[in-house]
Amino acid sequence: METIAFLVDIIIPAFWNGLLVTLALIAVTAPIGLALGIAIACGRVYGGKFLSRFFQGYTIFFKGCPLLLLLFILYFGLPPYGITLSPFVASIIGFILCNSAYNSEYIRGAILSVKEGQLTAAKALGMTRNQAIRFVVLPQALRRAIPGISNEFIYLIKYSSLAYMITVIELTGAGKLIATKYFAYNETFFALAVVYLALVTITTFGANAIERKFAIPG
Amino acid sequence: MSESEFILKVEDIHKSFGSSEVLKGVSFNVKKGETICFIGPSGTGKSTLLRCINQLTIPDSGRVLLNGEEVTHAGSKINHFRQKIGMVFQNFYLFDHLTAVRNVEIALIKVKGMNAKDAREKAMTELRQVGMADWADHYPAELSGGQAQRVSIARALAMDPDVMLFDEPTSALDPELTREVLEVMKKLAQQGMTMLVVTHEMGFACSVANQILFMEHGIIKEQGSPQVLLNDPKFERCKAFIGQFREYSQ
Amino acid sequence: MDPLTILIDWFPYLLTGIFITVGLVAVALIIGVVLGLPMALGQVYGKLPLQSAISVYVWFFRGLPVLVLLFLFYFGIFPGLGLDLPAFVVGAVVLGLRGAAYQSQIFRGAIQSIAEGQMTAARSLGMSRTQAIRSIILPQAMRVALPGWSNEYPEILTESSICYAIGVAELLTRSSQIVSQTYVTMPIYLACAVIFILLSYAGTSLIQRLEKRIAIPGFGPGNSS
């Protein structure tokens with residue numbers, strides 16, 4: 001009974017605020033991460049040698065560098081050079097860099113899987129290269145990349161928790177603070193787990209529905 | 001005919017998949033050394049019948065007796081019976097991660113408990129029998145269909161079975177490759193192996209089989225020796241069926 | 001103080017951190033396989049209750065952020081069980097349990113991709129189901145699983161850095177220590193990033209060499225008959 005009271009009076013309000021911050025982090029990161037991912041993938045496939053190599057390096061760095069380290073670099077590493085980012089902004093930038101790197105891999109793979117003939121046919125109809133990419137290749141590639149992209153989105157929900165490590169009080173941060181303050185570790189963290197599991201599970205169902213909707217036969 | 005003269009007895013096998021009854025009471029007996037060919041339109045349960053004999057498919061009712069011992073309802077003893085019943089599949093099912101000789105010897109080692117040296121010797125002997133000794137160290141992916149099927153015959157023979165079951169052994173092969181497999185099977189029959197063969201190769205059936213069993217709609221419609229089936233006007237359906245293939249058979 | 005001198009002075013300290021990171025990853029990978037493979041077998045060949053239990057496990061450990069799992073186990077579950085485990089152990093266990101969840105699905109996919117015919121042939125020769133799984137299915141499944149499984153390595157490597165949050169003295173923690181003691185930030189952090197990237201590259205190369213060594217002509221995903 002005590003636990004229920006604890007749950008309702010303390011956990012729910014704190015979690016609610018934390019959840020809003022988490023959702024804000026995700027809402028800002030996801031579209032930008034996707035757009036950037038598309039740009040990088042196109043740059044790697046269609047860009048000149050220099051651009052392609054540059055983006056390859058970008059992808060290697062932001063995939064190989066642990067996200068937490070990246071957040072430290074942005075939050076602790078920049079101020080000495082005169083750039084001071086708020087924890088929230090530093091988190092967003094870190095997430096975008098990481099998310100875009102992974103997205104670009106999925107999208108690049110999808111672009112490469114679209115047959116050469118598609119581009120050729122488009123050009124034969126008189127489209128410029130850019131038009132062909134925009135109206136023929138990308139729509140197909142993006143459809144094929146949906147599983148990968150939605151997978152990354154779910155990862156984003158999970159690693160948004162790392163923002164707590166640079167003092168953003170999102171969902172995990174809220175949980176840790178409550179647990180520490182009230183010495184209620186098991187209750188709080190299990191409640192935290194429930195919320196994340198709910199978020200991830202709902203998103204997974206949504207992602208599957210989207211995949212089904214956009215599936216092209218063959 | 002006393003019980004002991006029949007090496008294999010199949011009694012009243014019924015099998016349904018979902019709502020469709022594929023085998024509607026199939027019975028026949030096989031003498032030692034006989035070659036029996038099953039022919040008939042596709043989908044009439046011939047393959048299912050073979051699989052019911054070694055219990056890869058469990059029949060809904062009926063019995064199978066090998067050398068007088070009941071194979072159906074054998075429980076875990078089924079593995080013992082399967083050693084005595086060799087099976088060759090349409091798609092060979094060679095173990096892709098093993099070389100040809102390893103394919104042949106693995107069951108000798110794991111199931112029969114032979115030591116490595118004896119198993120290797122036996123495996124090479126069987127491969128020689130089917131003409132594949134030179135390919136012993138090749139992987140299935142490196143073999144043509146006919147070569148792969150011959151290795152799979154060697155694999156089944158290595159277990160010294162009492163009966164060999166062939167489930168459309170050449171149906172997945174190109175015509176040129178079919179011949180080499182049929183040659184091996186002919187040789188086996190001449191050496192006295194008891195064989196049950198499901199096939200569309202009418203030339204083989206008519207020249208090698210002691211008995212042809214014509215199946216349609218899940219039962220044995222007509223049966224008899226090739227000469228009788230082809231010439232006796234009683235066997236209308238069978239003759240008509242074989243007739244379709246005449247143009248193509250050797 | 002220039003960064004290069006710092007790095008050289010602190011190198012032994014950092015090196016220990018590298019070893020601890022590698023140790024974390026190695027233990028996690030081992031736990032991942034030791035638990036993940038049986039779970040995969042359970043999901044493919046086991047009865048329904050077992051399959052459901054495993055599915056719940058996978059859902060739980062895949063659905064939660066690593067940070068939350070670390071907090072849950074380090075502050076909640078283990079103390080609740082009366083266990084006072086060092087942070088390294090908790091970190092390795094959590095990463096391992098999570099790895100097992102992911103790897104079980106990789107193994108499961110690989111096992112299921114082995115054509116039914118392989119099992120049929122094995123059984124027709126008189127092998128029991130266990131023998132068939134051990135001698136015929138698993139050797140093939142493991143080869144098929146290797147490319148997908150190799151992605152686990154860089155993932156667990158980057159996730160190991162999150163163990164910073166429970167005080168494991170691995171590479172990131174030690175790099176941060178150096179930063180806080182020398183007040184040199186960016187160069188140290190960048191060096192740390194480079195080390196992580198090199199570790200990732202080294203491990204992946206090793207696995208690719210392994211793949212080549214155990215490769216069988218004509219054998220790969222989608223190739224069995």
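Within every chain, numbering begins at 1; the chains are lettered A, B, ... in the order of the sequence lines, protein sequences first and strands thereafter.
Ranked by heavy-atom pairs shorter than 4.5 Å toward chain C, the options B:Lys110, B:Gln55, B:Arg51, B:Glu142 are led by B:Lys110. When B:Ala156, B:Ala158, B:Ala107 are compared by the number of non-hydrogen pairs under 4.5 Å with chain C, B:Ala107 comes out ahead.
Looking at C:Arg108 and C:Gln105, their side chains do bring a donor and an acceptor atom within 3.5 Å of each other. At a cut-off of 3.5 Å, with distance as the only test, no side-chain donor of C:Gln208 or C:Ser205 sits close to an acceptor on the other residue. For the 3.5 Å distance criterion, the side chains of B:Ser47 and B:Asp167 qualify, holding a donor opposite an acceptor.
Heavy atoms of B:Tyr139 lying under 4.5 Å from chain C belong exclusively to its side chain. Only the backbone of B:Ile85 comes within less than 4.5 Å of a heavy atom in chain C; its side chain stays farther off.
Looking only at distances, a side-chain donor or acceptor of C:Gln118 sits under 3.5 Å from a matching main-chain atom of B:Leu94.
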